[in-house]
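Heads up: the structure comes next, in structure tokens.
Labels below follow one simple rule: chain letters A, B, ... track the order of the sequence lines, proteins then strands, and each chain is numbered from 1.
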2 protein chains.
Amino acid sequence: MDIRELARHLGLSIGTVSRALNDRKDVSPATRQRVVEAAAKHGYIPNQSGRTLRSGRTGTVGFMLTLEHDSAIHGDPFFMALLEGLQNGLSEHDLDLVVLLARKGEDALTFLRRHVSRGTVDGWVLSGTQHDDPRIPFLLDRTIPFVALGRTAIARDYAWIDLDFEGVMGDAMTLLTEAGHRRIGLVAPPATINNSHIVVRCYRDALVSAGIPFDPALVHHGETDESDGEATASELMAMPDRPTALLLMGETAPVGAYRALRRLGLEPGRDVAVIGLRDNPACRALSPDLTCFSLDLGDLGLALARGLVATLPGHTKDTEPPVQTLWDMTLRLGQSHKVER
Amino acid sequence: MDIRELARHLGLSIGTVSRALNDRKDVSPATRQRVVEAAAKHGYIPNQSGRTLRSGRTGTVGFMLTLEHDSAIHGDPFFMALLEGLQNGLSEHDLDLVVLLARKGEDALTFLRRHVSRGTVDGWVLSGTQHDDPRIPFLLDRTIPFVALGRTAIARDYAWIDLDFEGVMGDAMTLLTEAGHRRIGLVAPPATINNSHIVVRCYRDALVSAGIPFDPALVHHGETDESDGEATASELMAMPDRPTALLLMGETAPVGAYRALRRLGLEPGRDVAVIGLRDNPACRALSPDLTCFSLDLGDLGLALARGLVATLPGHTKDTEPPVQTLWDMTLRLGQSHKVER
DNA sequence: GCGATGGCCGTAAACGTTTACGGGTATCGG
DNA sequence: CCGATACCCGTAAACGTTTACGGCCATCGC
């Protein structure tokens, strides 16, 4: 069922049918309704390739997911919940969401370039932003709409939303330093990820204002998953003057850390203070309750959707500046940080 | 940069350029190489819409994700790990994977129909198969390639892979009945999901062969998530003659069940036996260790990719029957089932 | 030397839309 | 009654590919 066949059924030209279905003004209300009803009756749905080829618009936005740091994905419930909010936000503007997975080992920029010149989507949501992410200038230079989940070190104006790591680190570090901890182990994301820099900077700032010397041996960069959390926690606790507290900025890293501690005969929340990043299901399963931070991923997805839509041509006022938001996370006190010193 | 411009650079016709890039035979090796090199040099990548419009092929397969049962997705690490394997399997055949999220509240068949007539992908991976899933006959009747993750009650020949719930339930039930349990609470997936029927059937079969009467009050249908696990566990334990064992066929349901039990002053693995479905990160965080089942999601994704590719035109031998595989899950004994009766 | 064969390549017609453009009819003001 | 103005609608040219078809040239066998 083409537009041609539908037009023949209606005794109209395909041009008129197209205009009627696309809500353009050059068509009388009567025929518009007739066309819409006939389309529904015959189950006509425009072919996307033809439409895109001519108009250049696809009606979809892409969420780019790279499996490079697979621990950030593998078993990571963060994105799934986020995608739901994103889809809801996009639905309001009749946009579809497609998640594009970079092929194993494929470079992120190559992947993006491929899909951009293919013209698969109208706009992008970028995640896992690197410190100096080449995707940002690439898209900016071509004026392709996008919103980034995560800041970068790039000093150009674009839309982004990032978690408030400053707030998180501030809350966590005051909690620990005020409890008397002076040796605090930090597990930060991989050094290429931009968050990693922010986390370490805040860590040092907090130490300075508490008058505690900075020991680089206490800072590890690792993936966000369980097994890496276990490995790095083991290493940190094997130090001669081992830390009395652990700060784990990874999704399921605390699960591994608990296991590592117990293997050494140490109980989280009694012998060692532990603070995690997000209260995902895995962390909620821990006992004693993990002290960590929470956020509404559905809302975050919605905000990303709005931020992106504002950059799309047609939808935008063209004047307002791009969204640049630090997303609050609220501290959830559990038992795991309560270690008297 | 289109094919026309590239052809002009080379002094060739666009037809020849197209044939060279698509590895067709009607072109000399010398010019083929010349074309490929020029394309690489100028960064030419064929426009997907034009290509699809003419050839009908997209080079992508779609993974359909419905947010209907959002608890099956929300915070569910199952799919993320699966997608990685799927992408790896598809890469071997130069296929891209796109994940298509049904809009909130949109009917699954409507969603599928929309994307099929749009022609967004060459083939489909269906998940969350219903007992009588209308998507199956829809795709079969149109001879659109697909593979289903999950069986249905539909007696037609198509490619599917499903978890071996028969094996899982058999192992779990013998473990419990041989330990003397006679009142076993079951939390099965929502009744519309096909797995739910299988699980309940196996549950009854196991009871019969152990000579235990079937009590429908012990069977609950719920989502697979934490909060639902907590709610149903609470309900089951509030019964006058409450169960001595819980069997939870949901991803993170055991996390909620642990919490519910402890609120009642009951310790999993000591007062009540608990068995879960899969050893995801959340379940691995539980203490005492949850007795449950494990599988390699990467391998499963690969198998799905192969199963789908075999149904795609061109790749297939056309003769071999579609894959129909029960995927083994191996029992991982923890501490949570050890309750002496 | 000539017809046949096969390897390469150019030509042009699709694929299904959107959209600029122009034309036809009715309405309206004068 | 006439010209101008809207309002609709049809026409046709794109958009970027793929691919059936035909043609040219060289090679080959006789």
Side-chain angles (χ1 to χ4, degrees), chain A residues 1-36 38-39 42-60 94 96 114-122 313-314, chain B residues 1-36 38-39 42-60 94 96 114-122 313-314:
Chain A
M1 175 53 103
D2 304 61
I3 198 174
R4 197 165 4 246
E5 195 176 347
L6 183 61
R8 199 161 350 106
H9 272 279
L10 285 160
L12 288 171
S13 76
I14 60 172
T16 305
V17 172
S18 173
R19 279 192 300 267
L21 293 175
N22 289 9
D23 269 339
R24 307 193 82 79
K25 58 187 78 66
D26 276 16
V27 55
S28 78
T31 52
R32 180 192 311 281
Q33 187 185 347
R34 210 158 62 86
V35 169
V36 170
H42 293 89
Y44 166 73
I45 295 170
N47 176 289
Q48 190 58 35
S49 303
R51 161 176 280 193
T52 301
L53 185 56
R54 170 63 220 219
S55 70
R57 279 171 278 113
T58 65
T60 64
D94 257 303
D96 269 312
R114 184 155 55 97
H115 278 97
V116 161
S117 45
R118 271 190 185 177
T120 39
V121 297
D122 292 340
Chain B
M1 173 56 103
D2 26 6
I3 199 174
R4 195 164 6 244
E5 195 177 347
L6 183 62
R8 199 161 349 106
H9 273 279
L10 286 161
L12 289 170
S13 77
I14 60 172
T16 305
V17 173
S18 173
R19 277 192 302 266
L21 293 173
N22 288 11
D23 269 337
R24 306 193 84 77
K25 58 186 79 67
D26 275 17
V27 56
S28 79
T31 52
R32 180 192 311 280
Q33 188 185 345
R34 210 159 62 86
V35 169
V36 170
H42 292 90
Y44 166 72
I45 295 171
N47 177 289
Q48 190 58 35
S49 303
R51 163 176 278 191
T52 300
L53 184 57
R54 170 63 220 222
S55 69
R57 280 172 276 112
T58 66
T60 63
D94 258 302
D96 271 310
R114 185 154 55 98
H115 277 97
V116 160
S117 44
R118 272 190 185 177
T120 39
V121 296
D122 293 340

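- Per the geometry, CZ belonging to A:Arg24 stands 15 Å off P belonging to D:dC9, to the nearest Å.
- Between B:Asp2 and B:Tyr44, the shortest heavy-atom contact is C-CE1, 3.6 Å.
- Spacing between atom CZ of A:Arg19 and atom P of D:dG10 amounts to 8 Å, rounded to whole angstrom units.
- Judged by distance alone, with hydrogens and angles left aside, the side-chain atoms of A:Gln48 form no donor-acceptor pair with the main-chain N or O of B:Gly119 at under 3.5 Å.
- Among the protein residues, B:Asp2 comes within range of the sugar-phosphate backbone only, with heavy atoms under 4.0 Å from sugar or phosphate atoms but none that close to a base.
- Heavy-atom contacts from other residues, nucleotides or ligands closer than 6.0 Å to CD of A:Glu5 number more than 12.
- Comparing B:Thr31 and B:Ser55 against DNA chain C, the residue whose closest nucleotide sits nearer the 5' end is B:Thr31.
- Closest approach of B:Arg51 and B:Pro46 over heavy atoms only: NH2-CG, 3.6 Å.
- B:Asn47 comes within contact range of the sugar-phosphate backbone alone, with a heavy-atom separation under 4.0 Å but no base atom that close.
- Taking OG from B:Ser18 and CG from B:Leu12, the interatomic distance works out to 12.0 Å, rounded to the nearest 0.5 Å.
- Legend: salt bridge (Lys or Arg N to Asp or Glu O under 4.0 Å) pairs involving residues 20-36 of chain A, not counting sequence neighbours, sorted by first then second residue: A:Asp23-A:Arg32.
- Counting any heavy atom pair closer than 4.0 Å across all strands shown, A:Gly11 reaches sugar-phosphate atoms only and no base atom.
- With hydrogens and angles disregarded, a donor-acceptor distance shorter than 3.5 Å links the side chain of A:Thr60 to the backbone of A:Thr120.
- Residue A:Ser28 is classed as a sugar-phosphate contact, given heavy-atom separations below 4.0 Å to backbone atoms only.
- Two end axes, each from the C1' atoms of five base pairs, can be drawn for the helix from C:dG1-D:dC30 to C:dG30-D:dC1; they diverge by 40°, to 10 degrees.
- Nucleotides of DNA chain C with any atom under 4.0 Å from a heavy atom of chain A span, from 5' to 3', C:dG16 to C:dA20.
- When heavy atoms are screened at a 4.0 angstrom cut-off, A:Arg57 is found touching the sugar-phosphate backbone but no base atom.
- Among all heavy-atom pairs drawn from A:Asp122 and A:Gly56, the shortest one is OD1-O, 4.1 Å.
- The backbone N or O of B:Thr52 lies less than 3.5 Å from no partner atom in the side chain of B:Thr58, so there is not a single donor-acceptor pair.
- At the heavy-atom level, A:Ser49 lies nowhere under 4.0 Å from the strands shown.
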